[in-house]
Amino acid sequence: MTGLLTRVEGDPVAIDNADAAGEFLFVCEHASPRLPERLGTLGLSKEALESHIAWDPGALAVARHLAEKLDGTLIHQRFSRLAYDCNRPPESDAAMPAVSEVYEVPGNRAMSAAERETRVNEIYLPFHDAILRFVSDRKAAGRRPVLVTMHSFTPVYFGKPRTVEIGILHDADSRLADRMLAIATDGEVAYDIRRNEPYGPADGVTHSLVEYGVRNGLPNVMIEIRNDLIRDEVSQRVMADYLEGLLVKSMAALPAR
Ligand SMILES: [Zn+2]
């Protein structure tokens with residue numbers, strides 16, 4: 001069995017500010033549209049390979065600003081979710097999707113068990129293990145990280161425009177999400193911000209939250225930003241400023257640990 005990643009392509013996991021003094025751990029599973037060279041184009045057009053089906057445009061930039069501002073750690077995946085979607089477990093069909101929204105992904109059709117296993121071993125597991133190691137190291141040091149996963153979504157999905165601007169998603173543990181929603185919708189409201197929209201736990205999008213956050217007793221939330229709001233450097237900074245304030249106020253409102 002040949003491997004997937006070449007030596008030149010390096011590690012699939014990137015960790016920024018690993019020794020951060022702050023409590024926030026930002027995770028960006030869909031940070032990059034890059035495909036491992038050995039996968040070619042997966043049979044997709046250039047347009048599809050640059051679209052939201054390949055990555056979450058803007059999410060990494062906002063996560064980087066937040067990690068910097070809050071002195072947090074950022075762990076992100078360096079390869080496209082079309083190679084492996086790190087917010088899905090290996091047994092999920094969506095982990096290596098043969099269809100994504102309106103696009104067929106020919107290179108993900110009819111994969112052998114060995115091919116699937118290679119992608120799991122080379123892209124998902126290193127990412128999964130890096131996050132779990134970070135969390136357990138922090139816990140061993142008597143610290144408790146706050147998990148924030150950062151995503152963006154397309155403004156038009158299956159031809160339908162979406163009006164929600166920011167989604168605050170959670171699974172079984174809604175402590176942090178509840179505070180964020182209460183604070184964001186109190187007084188002057190900056191954005192159309194909603195609970196578990198445009199996706200929720202039933203869509204299978206809370207894998208990382210459950211695996212790294214809920215199971216470890218960490219406060220956790222998934223933030224979904226409509227990608228037309230974070231298209232350029234200025235708008236990414238504006239969004240990071242807003243989310244920084246919201247996260248800080250929400251953490252201050254969480255009951256003592
Ligand atoms: Zn995403």
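Every number for a ligand or one of its atoms is a count from 1 in the order of the listing.
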(request) Return yes when atom CD of Glu47 has more than 12 non-hydrogen atoms of other residues, nucleotides or ligands closer than 6.0 Å, and no otherwise. (result)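 Check fails, neighbour count at 12 or below.
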
(message) Quick check: do Arg194 and Glu224 have side-chain heavy atoms less than 4.5 Å from each other?
(response)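 No - every pair of side-chain heavy atoms lies 4.5 Å or more apart.
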
(request) State, to the nearest 10 degrees, the angle whose vertex is the Zn ion (ligand 1) and whose arms point to ND1 of His30 and ND1 of His151. (result)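 Roughly 100°, rounded to 10°.
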
(request) Kindly confirm whether the Zn ion (ligand 1) is within less than 2.8 Å of some N/O/S atom in Glu29? (result)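 Here the distance criterion (N, O or S atom, under 2.8 Å) is not met by Glu29, so no.
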
(request) Is it possible for you to check whether Arg119 lies under 6.0 Å from the centre of the six-membered ring of Tyr124, through NZ or CZ, and within 45° of that ring's axis? (result)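 No - Arg119 does not lie over the ring of Tyr124 by the 6.0 Å and 45° rule.
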
(request) Return the name of the atom in Asp56, of element N, O or S, nearest to the Zn ion (ligand 1). (result)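 In Asp56, the N, O or S atom with the shortest distance to the Zn ion (ligand 1) is OD2.
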
(message) ring pair (Phe, Tyr, Trp, His ring centres under 6.0 Å), that's the test. Do Tyr191 and Tyr242 meet it? Break it down for me.
(response) CA-CA 10 Å; Tyr191 292 99; Tyr242 172 73; 4.8 Å; yes

